[in-house]
2 protein chains.
Amino acid sequence: MKKPARRSPREGQTRIVREEESEETRRLILQVAQQLFMEYGYRAVTTRQIADACGLTQPALYHYFADKEALYLAMAREELARLKGVLERIARRSEPVSERLRRLASYLLTTTRHDLALMLHDIRYELSAEVRAQLHTLFEESLIAPIAAVFNEGLEQGLLRSPSEGGVDARMAAYLFMSLMSRFVVWGRETLPAVAENRRETLASEQAALLVRVLLYGLAR
Amino acid sequence: MKKPARRSPREGQTRIVREEESEETRRLILQVAQQLFMEYGYRAVTTRQIADACGLTQPALYHYFADKEALYLAMAREELARLKGVLERIARRSEPVSERLRRLASYLLTTTRHDLALMLHDIRYELSAEVRAQLHTLFEESLIAPIAAVFNEGLEQGLLRSPSEGGVDARMAAYLFMSLMSRFVVWGRETLPAVAENRRETLASEQAALLVRVLLYGLAR
DNA sequence: CCTACCGATCGGTAGG
DNA sequence: CCTACCGATCGGTAGG
């Protein structure tokens with residue numbers, strides 16, 4: 001076993017620099033935690049894995065975060081805040097509803113390769129009641145609300161069927177939209193012949209267009 | 001902590017009875033493992049939890065299964081075989097394609113309250129390569145194939161758009177169908193006011209109809 | 001941010 | 001020799 005490359009703090013540095021380094025380390029931990037937690041789930045990722053990937057010892061994490069759950073919470077808050085910003089920006093574009101939905105789908109498929117349903121599972125089963133409640137609300141506000149806003153425009157413009165016409169409300173539409181971003185579709189794609197890395201974005205864009213087309217117009221002739 | 005009620009084997013029983021009891025216990029373990037693994041995931045369920053729920057000690061499990069993974073594999077094989085039987089039976093009914101899709105959705109929503117995407121995650125991330133390959137194939141044959149068969153009929157009957165007409169092939173349709181059965185939709189339902197237990201089946205049936213309607217005809221007016 | 005550890009619990013196996 | 005387990009403990013790992 002090789003020792004991981006460790007960042008070597010030199011003596012005599014000013015307080016400012018140390019604070020910057022400390023903040024830098026904190027951000028590194030959050031980024032590594034995001035990649036691991038979002039792909040493998042809360043339970044499967046150990047604090048030592050995260051520490052190792054950061055070039056730190058495992059106890060060092062507890063200088064930055066109270067415990068494993070606090071680290072997950074901080075990661076999730078940051079991730080959801082980031083998502084919220086991007087999704088709201090797309091939702092406000094002056095483009096047709098269907099085009100904005102395509103952009104939302106494409107973004108979710110390219111950037112979050114992991115399944116957000118796994119995050120839902122973790123929120124529901126692996127975290128304490130308080131954190132669960134917090135993230136539950138945040139999930140709704142950051143992910144569902146921006147998507148529902150676009151569907152709501154579609155309903156107001158008369159492009160979509162209202163619930164009384166056999167359609168669904170905007171929030172339900174957003175959940176259906178998110179469900180189509182799930183592991184099943186991604187998994188189906190993985191069974192296709194291996195795809196060159198540089199074609200991934202194109203594929204995601206094509207798949208986004210397909211998913212939105214299906215959701216809007218259905219499979220029937 | 002109370003001692004779990006333990007089945008008390010009496011002396012003087014014949015070999016046949018003992019074999020029956022052994023088989024009975026094995027089936028009990030599989031049933032309990034199914035409930036726990038399917039709801040919480042491979043990692044989160046301990047062998048002691050399973051044993052406790054069966055009224056056995058944890059080492060007793062190792063008389064029936066070589067290890068935790070072998071137990072998961074046996075459980076998954078049985079569960080998928082059961083699903084395959086029911087889904088194929090529904091798929092062969094002499095009813096319109098849309099009606100059969102509704103029945104498939106309703107069945108999946110009522111019986112498997114857990115998210116099958118969780119099983120996909122476990123297959124992908126928690127199990128060894130050999131078990132993963134086995135379950136991957138079985139998953140496709142047991143779940144996707146029967147659903148795809150119904151969509152294929154829809155395509156042959158000209159009810160559904162073919163890929164060249166902007167539609168999707170039967171297998172892709174099956175994946176889209178399964179993705180709509182996911183945690184997101186179920187979770188959305190949980191946020192509704194609490195529902196009486198005896199209305200659950202009705203709800204699932206209504207939700208199944210809604211999901212199939214959306215998948216076939218889309219949200220657009 | 002490290003080394004040296006803890007209480008507990010994990011999956012799995014020993015002898016009886 | 002078999003079955004259906006038990007009490008105790010194995011090597012490792014969890015969060016702290």
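A note on names: the letters A, B, ... follow the listed sequences, proteins ahead of strands, and every chain is numbered from 1.
Between Arg43(A) and Pro59(A), the residue anchored nearer the 5' end of DNA chain C, judged by the nucleotide with its closest heavy atom, is Pro59(A). Along DNA chain C, the nucleotide nearest Thr46(B) and the nucleotide nearest Ala60(A) are compared for position; the residue whose nucleotide lies closer to the 5' end is Ala60(A).
A 4.5 Å side-chain heavy-atom check between Met119(B) and Phe139(B) finds at least one atom pair inside the cut-off. With contacts defined as side-chain heavy-atom distances shorter than 4.5 Å, the pair Leu28(B)/Glu24(B) does not qualify. Phe151(B) is listed as a side-chain neighbour of Leu219(A), based on a closest heavy-atom distance under 4.5 Å. With contacts defined as side-chain heavy-atom distances shorter than 4.5 Å, the pair Val150(A)/Glu153(A) does not qualify. Side-chain atoms of Arg103(A) and Arg93(A), non-hydrogen and from C-beta on, do get closer than 4.5 Å to each other.
Between Tyr64(B) and dT3(D) there is no side-chain N or O to OP1 or OP2 distance below 4.0 Å.
The side-chain contact (heavy atoms from CB on, under 4.5 Å) test with Leu118(A) is passed by exactly one of Leu120(A), Asp122(A), Leu116(A): Asp122(A).
Residues passing the side-chain contact (heavy atoms from CB on, under 4.5 Å) test with Ala145(A): none are found, sequence neighbours excluded.
Base-pairing analysis of DNA chain C finds no stem of at least three consecutive Watson-Crick or G-U pairs with both pairing distances under 3.5 Å.
A salt bridge links Arg27(B) with Glu78(B); the closest basic N to acidic carboxylate O contact falls under 4.0 Å.
For the segment residues 70-78 of chain B, no residue has any heavy atom less than 4.0 angstrom from an atom of DNA chain C.
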